[in-house]
Every structure is written in C-alpha cells, then in structure tokens.
Protein chains: 2
Amino acid sequence: MQSALDLFVEHGYDQTTVADIAARAGLTERTFFRHFADKREVLFHGGQLLEDGIVEALAGVPPEVAPLAAVATAVSAVAPFFDGRKERSRMRQRVIDSHPELQEREVSKMARLSLVLAAGLRARDVGDTAARLAADAGVAVFRAAFVLWLAGEGEDMGALIGECFDELVKVVEAGR
Amino acid sequence: MQSALDLFVEHGYDQTTVADIAARAGLTERTFFRHFADKREVLFHGGQLLEDGIVEALAGVPPEVAPLAAVATAVSAVAPFFDGRKERSRMRQRVIDSHPELQEREVSKMARLSLVLAAGLRARDVGDTAARLAADAGVAVFRAAFVLWLAGEGEDMGALIGECFDELVKVVEAGR
DNA sequence: CCTCGTTATGTCAGCGACTGTCATCACTGG
DNA sequence: CCAGTGATGACAGTCGCTGACATAACGAGG
C-alpha cells in the first residue's frame with residue numbers, strides 16, 4: 001500500500017503499472033492480486049476498518065434512539081480514527097481526485113457504507129425506505145464533514161460531523 | 001446499446017465480450033470504443049438525458065425556493081421520463097445488480113448527479129456545505145423512489161418521489 | 001530434530017479490455 | 001467534381017487480471 005501511494009503521487013496513477021508497485025514492494029504482480037482485488041483497491045483497503053467501526057457503533061446505540069440520530073452517533077464514533085492522519089489523507093485524496101476510476105471506487109465505498117447502515121437500521125425495526133433515507137443522509141453528513149476536515153486546519157472530525165448534521169437538519173426543515 | 005443489453009441478459013455480463021457486442025451490432029470492437037468510453041458505459045449512456053433534464057429543471061426553479069425544495073422539484077420534473085419504461089428498466093437493473101462493476105458505475109452516476117445538483121444550487125447562492133447536503137438528500141430521495149417504482153406495479157414515479165420526500169422530512173425531524 | 005500440512009509466493013501462459021496509428025470510405029459543402 | 005471532414009476498419013501492442021502448477025516458509029505434532 002505504501003509503495004502504491006508513493007508511485008501514484010510520484011508518477012501518476014495510470015503511469016504506474018501493477019508490476020511497478022509489486023517490484024517496489026519486492027513482490028511479483030501475481031502476489032499483488034492475491035492481496036488486492038484490483039489495482040484501485042490498494043488505495044481503499046484501509047477503509048474497511050472505518051466501515052466496521054461505524055457498523056459496530058450503530059449496533060451499540062440503544063434501540064429507542066431515532067434512526068437518523070442513531071446513524072449520526074455511529075458515524076461520530078469513528079471520528080478519532082482520523083486524528084493525526086490529515087497529511088496522508090490529503091495525499092490519498094489528491095490521487096483519487098486526479099482519476100475518475102478512483103473516484104468511482106470511492107463513491108462505491110460510500111454506497112456500500114450506506115447499504116450496511118441501512119441494514120443495521122432495519123435490524124432495529126426501521127422501515128425499509130426510512131432506513132435507506134436515514135443511511136444516505138448519514139453518509140451525506142459524513143462526506144460533507146470529511147471535505148471540511150480535509151480543507152481546514154486541525155479541526156476535529158467529531159465536531160465537524162456535528163456541525164454538518166445540524167446543517168442538514170436546517171436544510172431539510174427549510175425545504176420542507 | 002440494444003445488442004449489449006440483449007447479450008448481457010442472455011449470457012451474463014462477463015461472459016459477453018466487447019467483440020461479441022460489436023459483432024452483433026455489425027461493427028468492430030474498435031468502433032464500440034469510439035462510442036462508449038468502456039464496456040460498462042453502454043448500459044449507462046442513456047442516463048445522461050436524465051441528468052440533463054434534472055439540471056435544466058433546477059435552473060428553471062425560482063431563486064426564492066429553498067434549496068431542498070428546489071432539488072425536489074427538479075427531480076420530480078423528470079418523472080415522465082420513466083413512463084412506460086418499467087420492463088426495460090427492470091432488465092437493465094437485473095444486469096446491473098448481477099455485477100459489482102456495474103453497481104459501481106451506477107452509484108458513480110448518482111454521485112455525478114449530486115455534484116451537478118450542488119453546482120446548480122451554488123449558482124443560486126446556496127452555501128457550499130448546504131448545497132452538498134441538499135443535493136445528496138435529493139439524490140437519496142430519487143434513489144429510494146426508483147427502488148419503489150421498480151418493485152411496484154404501474155405506480156407513477158412523480159408520486160413516489162413526493163412520498164419519499166415526505167418520508168425523508170419525517171426521518172430527519174424525528175432524528176433531530 | 002524431523003515430517004507434514006498449511007499458507008504465502010513465484011512462474012508461466014493466456015484472455016480480454018482498451019489505445020494509438022494508419023488506411024479506407026462515405027458524405028458534404030463549395 | 002474536388003477537397004475536407006468524420007465514421008469505420010485493420011492491426012499491433014500494453015496492461016489489468018486469472019487459472020494452474022510448482023516451490024518456499026512456517027508452525028504443529030511426533
């Protein structure tokens with residue numbers, strides 16, 4: 001993963017072949033594909049931890065909490081995960097922003113997060129459509145907060161998530 | 001596009017090569033790639049019309065309308081686009097659901113829709129984060145309505161969008 | 001200390017997606 | 001009728017990705 005990120009930053013994503021990445025890591029191309037499903041995945045492998053953390057946190061929220069509030073709580077729970085990782089996140093994001101193929105994978109990961117969140121909500125007896133909407137809303141809040149976090153200086157991800165959540169509530173009530 | 005959909009339904013997405021598609025259409029593989037950026041795109045080319053319609057509708061909404069309401073109006077405007085296309089949409093959706101690569105492209109198209117919606121809102125002097133959130137919320141409503149439309153019988157897409165919008169408002173207010 | 005099963009890695013051959021390049025050919029405006 | 005433009009074909013090549021088989025590392029049990 002480190003070799004890949006280095007090469008992507010240095011020479012660009014599509015100037016870097018999988019063979020290059022493997023060689024820098026002292027491995028063969030075949031071995032690369034045993035660890036990562038495809039070339040893109042090497043940049044997204046870590047995101048699994050995030051998803052797991054959020055899902056676990058959602059499971060721990062008391063059942064009487066309203067769906068969207070539960071999702072917001074779960075998303076906030078992984079905020080510490082971002083501490084001290086801003087520089088690395090920015091490098092990674094620059095690479096992603098430079099290539100549509102990678103942006104596609106990124107939104108795909110967010111969609112997956114939405115899916116598992118919705119599943120978690122249904123397990124709490126939330127209706128199907130409500131679960132879908134609350135999950136999507138939660139992901140939207142997370143994404144908006146992440147953008148602000150990357151752009152800003154040293155701000156705490158947890159606080160930003162809270163702010164974006166409030167903003168969402170305002171936007172929805174105004175558009176009601 | 002027709003040749004591709006037929007072959008995908010008949011033999012499956014990855015059992016179908018681009019050469020197969022091109023041959024059935026009476027063309028060469030090279031020509032296929034002059035019309036579609038990649039193999040997936042042949043299933044999504046039509047979606048551009050939808051996006052254009054929504055963006056255009058958003059531009060036509062009076063500026064004093066609140067962001068989320070404007071987005072909801074714009075999304076509703078393309079509801080007639082779906083009339084009489086349910087069977088074809090279901091075939092296409094079955095193919096997409098059968099292959100992760102295609103699902104990735106689909107969410108990517110939704111993300112793109114969200115982006116252009118947010119851009120349209122910013123042109124209406126909506127703040128950056130509010131625009132992002134309202135756009136994402138609008139796309140979430142659209143997706144939820146589309147799922148209901150595909151699953152149900154003969155229901156009007158416009159009505160479903162309205163219902164999902166109401167549901168979103170309820171979910172957000174309950175989770176406030 | 002020596003197997004033996006398990007797991008990570010290497011090697012090789014091959015398919016199919018995708019691209020660059022050049023030639024051909026239909027069509028269109030003058 | 002000619003020149004220019006755009007769509008297509010032909011061909012070679014790169015690279016992402018996979019299957020199959022062989023080999024090396026490594027930990028458990030005798």
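Labels below follow one simple rule: chain letters A, B, ... track the order of the sequence lines, proteins then strands, and each chain is numbered from 1.
The A:R34 side chain lies nearest to C:dG10 when the options are C:dA17, D:dG16, C:dG10. Counting only heavy atoms from C-beta on, A:L27 has its side chain closest to C:dG10 among C:dT11, C:dG10, D:dT8.
At whole-Å resolution of the value, CD1 in A:I21 and P in D:dC17 are 10 Å apart. Across the protein-nucleic acid pair, A:D38 atom CG and D:dT18 atom C1' stand 13 Å apart, rounded to whole Å. Between A:F32 atom CZ and C:dT11 atom C1' the separation is 19 Å, expressed in whole Å. Atom CZ in A:R30 sits about 16 Å away from atom P in C:dC15, given to the nearest Å. Straight-line distance from the OH atom of A:Y13 to the P atom of D:dC15: 13 Å, rounded to whole Å. Rounded to whole angstrom, the span from the CG atom of A:L43 across to the P atom of D:dG16 amounts to 14 Å. We find that CZ of B:F33 is positioned 17 Å from P of D:dC15, with the value rounded to whole Å. For the pair B:D14 CG and C:dA17 C1', the interatomic distance rounds to 13 Å; values are reported in whole Å.
In this model, a donor atom of one side chain and an acceptor atom of the other lie less than 3.5 Å apart for A:T17 and A:D20. Residues B:T73 and B:S76 bring no donor and acceptor atom of their side chains to less than 3.5 Å of each other.
Applying the 6.0 Å contact sphere to CZ of B:R124 captures more than 12 heavy atoms from other residues, nucleotides or ligands.
Between B:G175 and A:F165, the closest heavy-atom pair is O-CZ, 3.5 Å.
For the OP1/OP2 pair of D:dG9 and a distance below 4.0 Å, the side-chain nitrogens and oxygens of B:T31 include at least one atom meeting the criterion. Phosphate contact (OP1/OP2 of C:dC18, side-chain N/O of B:R40, threshold under 4.0 Å): present. In this model, the phosphate group of D:dG9 is approached by a side-chain N or O of B:T28 to a distance below 4.0 Å at OP1 or OP2. OP1 or OP2 of C:dT9 sits under 4.0 Å from a side-chain N or O of A:H35.
Cation-pi geometry between B:R40 and B:F44 is not met: the NZ or CZ atom fails to fall both under 6.0 Å from the ring centre and inside 45° of the normal.
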